[in-house]
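Below is one structure, written out as structure tokens; comments come after it.
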Amino acid sequence: MTVLGVVTIGQSPRSDMFPELLQWLPSSVEVRQRGALDGLSTADIAALAPAPDDETLTTRLRDGSSVVIGRAGILSRLQAAIDILEAGGADVVLVVCTGEFPAFRHSRPLLLAGPLLTAGLTAIAGDSLVGVVCPLAEQEQQTYEKFPQHIKVAWATPYQPGLTELETAAQKLAAEGVQLLVLDCMGYTQAHREAAAAASGLPVVLARSVVARLTAELC
């Protein structure tokens, strides 16, 4: 049995994510989760809010609420989670955030959701004009910088009830002439993909699907 260690930038377990991820992974895979925010108090998490020059990230907590944090404040905690999973016997470790991160120390194969998504999209999209939906307006500029394709960006958080915001974003991008949509956060679900496709009339790439299917190749 392959042990897949999964690191979330929020708190584990990610009950909103793993029922879907597991359907794309081999049945022989054992998943062990760690979260960068595990064990932190509300005040501790609030102190991780992004500084003006930091990359903005959003994630889910164990109680189902969402928070906005800065990348810089969680890097050491992400490294610690990777170390713990490797020491505990993980054969492969996956970081389930599509943001951009510097290199981490590792002794086993380490996969980052962001490069998996951008590489997969490069193969899928070709020279198409791509519409990217990210969670927050504050992430617009970093989204333009992340993707090598010619893109247009809209935003809709996956961590609030309802689909109206996402449907509006999908319709906006379709009206701007994009040929393909990408839901650029591991928090978006299959239901989000279906809603975006119905609203836009376009094919929709779901980050968690691309990431899980590529990860499965190592498992």
Who else is in Leu112's hydrophobic cluster (ILVMFWY, side-chain heavy atoms under 4.5 Å, direct or via others)?
-> Val7, Ile9, Leu37, Leu40, Ile45, Leu48, Leu57, Leu61, Val67, Ile69, Ile74, Leu75, Leu78, Ile82, Leu85, Val93, Val95, Phe101, Phe104, Leu110
Flag, side chain of Thr8 to backbone of Gly10, donor-acceptor distance under 3.5 Å = yes
Walk me through it: do Cys134 and Gln142 pass the test side chain to side chain contact (heavy atoms under 4.5 Å, CB included)?
-> CA-CA 10 Å; Cys134 62; Gln142 66 197 47; over 6 Å; no
Apply the side chain to side chain donor-acceptor pair (under 3.5 Å) test between Thr98 and each candidate in Asp184, Thr118, Thr143; give the one that qualifies.
-> Asp184
What salt bridge (Lys or Arg N to Asp or Glu O under 4.0 Å) pairs are there with at least one residue in residues 122-135, not counting sequence neighbours?
-> none
Identify the heavy atoms of Ala81 and Arg34 that sit nearest to each other, and give their distance.
-> CB-CB, 3.9 Å
Locate the shortest heavy-atom distance separating Gly187 from Tyr159; write the atom from each residue and the value.
-> CA-OH, 3.5 Å
Mind checking the NE2-CD spacing from His192 to Glu167? Nearest 0.5 Å is all I need.
-> 10.0 Å
Cluster overlap Met186 with Leu22, hydrophobic side-chain contacts below 4.5 Å | yes
How would you list all residue pairs meeting salt bridge (Lys or Arg N to Asp or Glu O under 4.0 Å) that involve residues 16-27, not counting sequence neighbours?
-> Arg14-Asp16, Asp16-Arg60, Glu20-Arg208
Is any side-chain heavy atom of His150 less than 4.5 Å from a side-chain heavy atom of Val130?
-> no
If you take all heavy atoms of Glu165 and Thr157, which pair is closest and at what distance?
-> OE1-N, 3.2 Å
Tell me, with the steps shown, if Val31 and Phe18 meet side chain to side chain contact (heavy atoms under 4.5 Å, CB included).
-> CA-CA 9 Å; Val31 175; Phe18 276 88; 3.4 Å; yes
What pairs with Ala170 under side-chain contact (heavy atoms from CB on, under 4.5 Å), at least two apart in sequence or on another chain?
-> Leu181, Ala196, Ala199, Ser200
Residues Leu180, Leu202; criterion side chain to side chain contact (heavy atoms under 4.5 Å, CB included); working and verdict | CA-CA 6 Å; Leu180 174 72; Leu202 297 171; over 6 Å; no
Pairwise ring pair (Phe, Tyr, Trp, His ring centres under 6.0 Å) hits with a residue in residues 36-67, at least two apart | none
Please report the shortest heavy-atom distance between Leu116 and Val210, naming the atom on each side.
-> O-CG1, 3.9 Å
With hydrophobic residues grouped by side-chain heavy-atom distances under 4.5 Å, do Leu111 and Leu25 end up in a single group?
-> yes
Hydrophobic side-chain clustering at under 4.5 Å (ILVMFWY, transitive links): who's grouped with Leu136? Put none if nobody.
-> Val68
Could you tell me which residues satisfy salt bridge (charged side-chain N to carboxylate O under 4.0 Å, His left out) with Glu138, sequence neighbours excluded, listed by chain and number?
-> none
For Arg62 and Asp38, the nearest pair of non-hydrogen atoms, with its separation, is NH2-OD1, 3.3 Å
Rounding to 0.5 Å, atoms CD (Gln190) and CG (Leu206) come to a distance of 6.0 Å
Same hydrophobic cluster for Val29 and Leu21, using side-chain heavy-atom links shorter than 4.5 Å among ILVMFWY?
-> yes
Can you tell me which residue pairs pass the salt bridge (Lys or Arg N to Asp or Glu O under 4.0 Å) test with a partner in residues 95-121, sequence neighbours excluded?
-> Asp83-Arg105
Do you see a donor-acceptor pair shorter than 3.5 Å between the side chains of Gln139 and Thr56?
-> no
Only counting residues at least two apart or in another chain, list the ones meeting salt bridge (charged side-chain N to carboxylate O under 4.0 Å, His left out) with Glu30.
-> Arg32
Using salt bridge (charged side-chain N to carboxylate O under 4.0 Å, His left out) as the criterion, list what pairs up with Asp91, not counting sequence neighbours.
-> none
Quick one: closest heavy-atom pair of Ala113 and Cys97, and the distance?
-> CB-O, 3.4 Å
Applying the 4.5 Å side-chain criterion to the ILVMFWY set and letting contacts propagate, would Trp155 and Val133 be lumped into a single cluster?
-> no
Please list, chain by chain and in numerical order, all residues satisfying side-chain hydrogen bond (donor to acceptor under 3.5 Å, both in side chains) with Gln149, sequence neighbours excluded.
-> Thr122
Rounded to the nearest 0.5 Å, how far apart are CD of Gln179 and OG of Ser128?
-> 4.5 Å
Applying the 4.5 Å side-chain criterion to the ILVMFWY set and letting contacts propagate, would Val205 and Phe147 be lumped into a single cluster?
-> yes
Side chains of residues 212-219: which donor-acceptor partners sit under 3.5 Å, not counting sequence neighbours?
| residue | atom | partner | partner atom | Å |
| --- | --- | --- | --- | --- |
| Arg213 | NE | Ser209 | OG | 2.8 |
| Thr215 | OG1 | Val211 | O | 2.7 |

Will you find, in the side chains of Glu145 and Gln141, an N or O donor that is under 3.5 Å from an N or O acceptor?
-> yes
